[in-house]
Structures are given as structure tokens and as C-alpha cells.
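Counting convention: from 1, in listed order, for ligands and their atoms alike. Computed from a prediction, not measured in an experiment: that's the story for all the values here.
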Amino acid sequence: MLASPYSWLDKSLTTIHRANWYRSVKTIAGIPGAIVELSGKSVINFASNDYLGLAGDRRLIHAAINATQVYGTGSTGSRLLSGHRELHQELENAIAALKQTESALVFSSGYLANIGTVAALVGKPDLILGDQYNHSSLKKGAILSGAKTIDYEHNNTEDLRRKLQINRHLYRRCLITTDSVFSMDGDLCPLPELIAIAEEFTCMLLIDEAHATGVMGETGAGCVEHFNCTGKELIQIGTLSKALGSLGGYVAGSATLIDFLRNRAPSWIYTTALSPADTAAAHEAIKLIQTESTRREQLWQNIYYLKQELSDFNLLLSESPIICMEFKNPQAVLSKAQQLLEAGIFAPAIRPPTVPTSRIRLSLMATHERSHLDFLVEKLRQE
Ligand SMILES: *Cc1c(COP(=O)(O)O)cnc(C)c1O
């Protein structure tokens with residue numbers, strides 16, 4: 001008898017198990033927040049991207065319900081056919097105003113925004129230089145584009161410059177890509193230096209603000225604002241699904257860039273428009289991040305407090321709500337995460353191949369209370 005063409009799946013899963021790389025989903029019940037119910041148990045949540053606690057905010061919930069009552073549940077088509085609503089334009093105007101760019105375009109997720117934008121901007125005759133720790137969506141976008149792709153060492157502008165000196169003249173256009181807050185380490189890209197290098201070598205620069213929007217900068221506009229680079233010609237990408245508590249992605253930049261993407265980004269053209277509920281919730285979140293700076297201040301107080309309390313631990317360099325504690329191997333980190341969970345703390349173990357080294361990754365929220373942080377520190381100190 002011939003082997004089943006699917007039999008390799010079992011073998012592959014066995015290999016994943018053996019390497020301690022196996023993952024599975026965890027079920028959370030109820031409204032998201034600093035405390036959630038995980039598999040029937042109440043836990044303090046250090047695993048959420050909902051940095052400002054907006055995903056469970058009544059005003060976002062009401063905005064989503066109202067939009068659903070007015071526009072229905074689905075947008076019924078792609079933006080260029082039957083999917084475009086006034087809500088989408090209003091959200092795009094709000095994003096452009098927050099980022100102080102001429103224009104913005106919303107995608108159905110940040111992942112789609114990245115793969116569509118990268119693949120639209122460069123092709124076979126072109127070059128991409130990406131930070132080695134960039135998000136999966138930037139890496140997959142690079143593959144999809146067909147451009148020659150070279151990674152530079154994480155946040156190493158000398159390595160980037162060296163690689164540009166060797167390669168830039170061999171290609172037509174060049175796109176430099178970077179996360180602004182790196183999602184697995186929590187450190188920041190050296191934006192002012194990257195802008196200078198991009199100018200020097202005539203490169204476009206794409207910055208992914210997924211973990212920075214709502215969190216970084218005086219008004220929550222992101223790392224571009226944090227580094228005083230507002231107004232520079234950049235391709236700013238982000239998500240509506242982290243600090244903005246909704247779902248979707250966006251690109252912000254010049255009116256020409258956005259007009260081009262509307263005509264050339266397949267992951268925008270050939271997918272259904274963002275739902276009315278997601279669109280309205282994200283718009284409400286943008287209003288709140290601009291009017292309630294106390295949320296951002298509370299988040300940053302929590303970050304400073306926890307970093308100070310954990311200063312004697314093996315922490316990765318971080319300048320964001322993402323704080324990582326390194327462990328020597330996957331087994332050690334898994335057992336620590338399990339011990340924390342038993343104590344009522346949800347702080348996930350992140351392992352290779354997602355990251356080079358095993359770590360507990362803590363995500364702070366504005367709505368964490370001092371007692372939550374103190375309990376976490378106590379449990380992290382326990383052998
Ligand atoms: C989460 C994330 C994305 C993807 O955004 P989604 O809206 O969740 O698809 C892209 N880039 C980075 C850096 C991210 O952290």
C-alpha cells in the first residue's frame with residue numbers, strides 16, 4: 001500500500017514536540033483586561049497587547065455596537081467595489097491627523113498592510129534591507145515582493161551602512177524596513193540614524209509602529225513622534241489591534257504613496273473591507289488616546305516601576321511596555337511560566353524559533369495596579 005500523502009504531518013509534529021517547540025491555543029473568557037479568566041481560572045494578565053486597556057472599554061464597545069446597528073455586521077465587499085463606507089474615510093482621516101501625514105489607508109490587519117505595502121513598493125530589480133528581528137509580516141512581504149532581501153544585524157546601523165555600500169548601486173529602488181518597538185525584545189529602532197542613512201543612500205524607509213502607536217510619543221503617535229521625526233517622508237505602518245483595541249492595520253504617509261497603494265497593494269485591493277464594528281472601535285480609540293493622556297502616563301509609571309523592581313534580573317534592554325527576562329533553555333522557561341500560571345499569573349514563555357533565546361515576556365498595561373506588579377515580582381523571585 002502507498003503511504004498517505006499526509007503522513008508527513010504526524011512526523012513533522014513529532015519533531016516539533018521533541019524540540020519543545022509545540023504550541024497550542026489558550027482560551028480566555030469575558031472582557032479583556034488586567035485580570036482575565038484563563039481556562040476557568042482568574043489570572044493577572046501580562047500577555048496582552050491591549051496596552052491602554054481599551055479593548056474592553058465601554059466607549060469602544062458602544063461605538064462598535066452603534067456602527068453595527070447603522071451599517072450591519074459585514075462590509076460586503078472590497079473597498080474598491082462595494083465595501084467602502086464613510087466610516088473608513090473618517091478613520092483614515094483620524095490616523096493621518098494623529099501621525100501628521102497627508103494621508104492614510106486602513107487594511108484588514110497589520111499583517112496584510114505590511115505584506116501588501118512591501119510587495120507594492122519593490123520588485124525583482126530592487127533591494128530590501130531589513131532588521132534581522134523584524135516582524136514576520138515584513139519578512140514575508142519581502143519574499144512576496146521578489147526583491148533581493150538582505151538582513152542587517154539587529155539595530156546595527158554600521159552593518160546596514162556596510163551592506164548598502166556593497167549592494168545599493170546594483171539595484172534600482174531600495175527599501176529599508178524596521179519595527180519601531182521590537183515585538184519580542186521591547187527595544188527601539190535607532191530611527192534618526194536610519195533616516196540619515198536612508199537619505200544618504202536614496203532609500204525608502206518603512207517603519208512598523210505596531211507596538212508603538214498609542215504608547216510612544218507625547219500624543220501617542222508612535223516612535224516617529226518619540227524621536228522628533230514627525231513630518232519626515234516615511235512609510236509608517238501599524239495596527240489597530242494592539243493599543244487601539246480593535247482589529248485592522250494601516251499605512252500612513254504622503255498622499256501620493258497612499259494613492260499608489262490603493263492601486264497596487266493586492267492585500268488591500270482583493271480583500272474585504274474592515275467591518276463597520278472594527279472601524280468604529282478603532283476610530284473611538286484614536287479619539288481616546290488623544291484626549292486621555294492619563295492612560296499613557298499610567299502605563300509608563302507601571303513600566304518604570306516594574307523595571308526598577310526587577311533591576312537585578314537578567315532583563316533584555318527595553319524602552320517599551322514589553323519587558324523580557326531571559327532563561328537558559330526552553331525547559332527552564334516553560335517550567336517558570338507554568339509555576340507563574342499556578343500562582344495566578346499569565347506571563348508567556350517565548351521560545352525558539354520565534355526568538356533566539358528563551359524568555360518570559362511581560363506586557364504591561366495602563367490598567368495594571370501596583371498590587372498586580374508587586375505580586376508578579378514576588379512570584380518571579382520565588383525559586
Ligand atoms: C502584531 C504585529 C503586526 C501584525 O499586526 P496585526 O494587525 O495583528 O496583523 C505587524 N507588525 C508587528 C511589529 C507586530 O507586532
Side-chain angles (χ1 to χ4, degrees), residues 25 32 47-52 54-55 60 88 91-92 95 99 104-119 121 128 130-145 151 154-155 175-189 191 194 205-216 222-224 226 234-252 265-268 271-275 277-279 281-283 285-286 316 318-324 348 350 354-355 359 361-365:
V25 298
S48 174
N49 297 321
D50 181 23
Y51 299 114
L52 300 174
L54 290 176
L60 269 73
H88 295 119
L91 173 59
E92 286 168 348
I95 293 167
K99 302 278 173 179
L105 187 65
V106 292
F107 286 68
S108 299
S109 76
Y111 207 105
L112 290 171
N114 270 337
I115 60 171
T117 302
V118 172
L121 293 175
I128 296 174
D131 188 287
Q132 70 176 129
Y133 287 178
N134 274 350
H135 189 260
S136 159
S137 51
L138 286 173
K139 298 195 174 213
K140 298 299 174 195
I143 295 169
L144 191 62
S145 76
D151 279 358
H154 177 53
N155 276 349
L175 176 68
I176 300 172
T177 62
T178 185
D179 288 13
S180 68
V181 170
F182 283 87
S183 53
M184 286 299 142
D185 290 35
D187 53 345
L188 309 184
C189 74
L191 184 60
L194 292 175
L205 176 57
L206 183 159
I207 169 168
D208 180 348
E209 297 261 49
H211 289 276
T213 303
V215 171
M216 306 294 302
C223 277
V224 172
H226 169 83
L234 291 168
I235 301 149
Q236 300 181 51
I237 300 211
T239 180
L240 308 175
S241 50
K242 287 175 176 143
L244 301 184
S246 182
L247 179 69
Y250 66 81
V251 181
S267 66
W268 184 81
T271 198
T272 302
L274 212 57
S275 78
D278 292 323
T279 310
H283 192 180
I286 289 180
L316 294 179
S318 159
E319 292 171 83
S320 74
I322 301 163
I323 296 171
C324 291
I350 312 281
T354 308
V355 288
R359 79 249 343 232
R361 179 178 180 276
L362 303 163
S363 265
L364 292 186
M365 298 173 66

Keeping [X] on the side-chain end and [Y] on the backbone end, is there a donor-acceptor pair under 3.5 Å?
{"X": "H135", "Y": "S183", "answer": "no"}
{"X": "Q132", "Y": "H154", "answer": "yes"}
{"X": "W268", "Y": "L112", "answer": "no"}

Within the 4.0 Å heavy-atom shell around [X], which atoms of ligand 1 are there?
{"X": "S183", "answer": "15 (O)"}
{"X": "D179", "answer": "13 (C)"}
{"X": "S137", "answer": "10 (C), 11 (N)"}
{"X": "K242", "answer": "1 (C), 2 (C), 3 (C), 14 (C), 15 (O)"}
{"X": "G248", "answer": "7 (O)"}
{"X": "H211", "answer": "15 (O)"}
{"X": "A210", "answer": "2 (C), 11 (N), 12 (C), 13 (C), 14 (C), 15 (O)"}

Just to check, does G249 reach to within less than 4.0 Å of ligand 1 when the distance is taken from its heavy atoms? no
Quick one: look up the protein heavy atom nearest [atom] and list residue, atom name and how far away it is.
{"atom": "atom 7 (O) of ligand 1", "value": "T239 OG1, 2.6 Å"}
{"atom": "atom 3 (C) of ligand 1", "value": "H135 CE1, 3.4 Å"}
{"atom": "atom 6 (P) of ligand 1", "value": "G110 N, 3.4 Å"}
{"atom": "atom 11 (N) of ligand 1", "value": "D208 OD2, 2.5 Å"}
{"atom": "atom 8 (O) of ligand 1", "value": "S241 OG, 3.5 Å"}
{"atom": "atom 4 (C) of ligand 1", "value": "Y111 N, 3.6 Å"}

Using the rule side chain to side chain contact (heavy atoms under 4.5 Å, CB included), only one of T177, N114, D179, V118 pairs with I237; which is it?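 The passing option is N114.
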Taking all non-hydrogen atoms of both residues into account, name the closest pair between [X] and [Y] and its distance.
{"X": "E209", "Y": "S180", "answer": "OE1-OG, 2.6 Å"}
{"X": "D185", "Y": "S318", "answer": "O-CB, 4.0 Å"}
{"X": "S267", "Y": "G116", "answer": "OG-CA, 3.1 Å"}
{"X": "T178", "Y": "N134", "answer": "CA-OD1, 3.2 Å"}
{"X": "C189", "Y": "I207", "answer": "SG-CD1, 4.2 Å"}

